[in-house]
Amino acid sequence: MTSASPILLWLRRDLRLHDAPALADACASGRPVIPVFIRDALTDGLGAAPKWRLGRGLEVFSHLLEAKDSRLILRSGPPQEALQALAEETGATDVYWTRAYDPASVERDTGVKAGLKDAGIGARSFAGALLFEPWEVQTKDGGPYRVYSPFWKAVKGREVAPPCAAPKRIAAPKAWPESERLTDWAMGAEMRRGAAVLARHVEVGEAAARGRFERFLDERLESYKADRDAPAADGTSGMSAFLATGEIGPRTLWHGAMRAWHEGNAGAETYLKELVWREFAWHLAWHTPRILDRNWREEWDAFSWSEDEDRPEVLAWKQGRTGIPLVDAGMRELQVTGTMHNRVRMIVASYLTKHLMTHWRIGQRWFEEHLVDWDPASNAMGWQWVAGSGPDAAPYFRIFNPETQREKFDPKERYLHRWIAEGQGSPPETALAYYEAIPKGWNLSPGDAYPEPVVSLPDGRARALAAYEERRS
DNA sequence: TATCGATTAGG
DNA sequence: CTAATCGAT
């Protein structure tokens, strides 16, 4: 087999060795494997934080490959051209990759597959980014699901392919092709001063992901059902950013939690349901891609949301200075850590879209810019779910009350204390880090007075309810 | 994965 | 008087 032609392994959102069918198949062929990441238009178009996070992921993953006597080859440009050039340089005759499911990637990958085949190069795409292929889950009528609970019922008893093992070795080509340098890509450039703060709070790479997941199963899954909603508790799995870069695969998480479920673990089913929410988001994005940028329920086009991003109350929301403590704490957590507790995401989204009467797209874009765990499907579904324009809508107009939510989920104000410096004699490092992370132009300091509400809870609620009645009439 | 206000149970 | 429960939205 010494003359076997190499396989190009086109990495995108699958920066891992375990549970990676494309990699496993390539290695099992016995042929040399050339891992390659291509910085294309989709990469360049990422928000600042997710781009920075991806850059960190690429750095760690390349070291992982080097430990296996392999390499990560970096190229820029349209993938079709980059892959064909690499095939020519290396004699590779096949390209393997893990499928992506957002419309932009699907369009790109469909074109690349056809183009490669025209050029006489084999192209194979693999599952692995989801538990189920979106087209394999169907209602009795043969259509896609539109409501979460039946979707969960349909998949909870299904077999999920077990995660494949990490390859023992990755055969190297006789000669490595040239690679660009990651530092030249400057993937953190748009973060400016925020990158240093994020770096203190963000773990990167497959080893970190697997270690954290194991600890989660051992130490926190049992109490997950109760703890996951408390933003001050370390009660969640913390897998979202790892999933977004593919540093861990959903099948690994599914089988880990399923094993715990069979052992009678009290939190396992709740966790599996959360994994399936991610799956449901991708199911929706695949079958109704308009969910990513338009009201999923068209009747919401008539709702009088403001799309004016320059209003002072929108700036206050972005800055975490609405005067509503739980909202502000969440928005500051986002600046410092690049994530936000899931429950608080719902609350800040509700305040923006209801009390501030702002279109969910403005919040969606802010999250896209700032979340290191940014996932296009989950982000869009989440915003539309809160706004009311999405699938699985409640039969009433849902408005979260941030004060009621705080009493329920942060009764001791530990989360507020962690993120809001104003009024504290000696604020914790987390609250102070916010001032390091934000743009200098905001001119904010911990000595500022904490603001009065930009829109009070009763006024905002009344205004949103009135707009809802207006739309219905 | 909601809130509010009314009603009822319990002390 | 408070807490739990319920129905409308």
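A quick note: this is a predicted structure, and the numbers were derived from the prediction, not measured. So you know, we letter chains A, B, ... as the sequences are listed, proteins then strands, and number each from 1.
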### Query
Quick one: the side chain of Y396(A) and the base of dA8(C), do they pair up donor-acceptor inside 3.5 Å?
no

### Query
Less than 4.0 Å between a side-chain N and a carboxylate O, is that true for R228(A) and E274(A)?
yes

### Task
Take atom OH of Y468(A) and atom C1' of dA2(B), then tell me their distance rounded to the nearest Å.
13 Å

### Query
CG of L465(A) versus P of dC4(B): gap in Å, rounded?
10 Å

### Task
Please list, chain by chain and in numerical order, all residues satisfying side chain to side chain donor-acceptor pair (under 3.5 Å) with Y148(A), sequence neighbours excluded.
none

### Message
Please determine whether ring pair (Phe, Tyr, Trp, His ring centres under 6.0 Å) holds for the pair W383(A) and F367(A), giving the CA-CA distance in whole Å, both sets of side-chain angles, and the decisive distance to 0.1 Å.
### Response
CA-CA 10 Å; W383(A) 276 97; F367(A) 275 24; 5.0 Å; yes

### Sugar-phosphate only, base, or nothing, as touched by T404(A) at under 4.0 Å among non-hydrogen atoms
sugar-phosphate

### Message
Can you measure L326(A) atom CG to dT3(B) atom P for me and round it to whole angstrom units?
### Response
11 Å

### Message
Just the rounded figure in Å: distance from C1' of dT3(B) to CZ of R406(A).
### Response
17 Å

### Query
Centre of W97(A)'s six-membered ring, under 6.0 Å away, within 45 degrees of the axis: is that where NZ or CZ of R124(A) sits?
no

### Task
Looking at every strand, decide which applies to F397(A) at a 4.0 Å heavy-atom threshold: base, sugar-phosphate, or nothing.
nothing

### Task
Find the distance K354(A):NZ to dT9(C):P and express it as a whole number of Å.
17 Å

#### Entry: Short side-chain N/O contact to dA2(B) OP1/OP2 from N401(A), under 4.0 Å
no

### Message
Need one value for R461(A): base, sugar-phosphate or nothing, where a base atom within 4.0 Å counts as base even if backbone is also close, heavy atoms only.
### Response
sugar-phosphate

### Task
Starting from P on dT3(B), measure out to CZ on F409(A) and report it in whole angstrom.
8 Å

#### Entry: Between dG5(B) (P) and I399(A) (CD1): distance, integer Å
12 Å

### E403(A) CD - dT3(B) C1' separation (whole Å)
14 Å

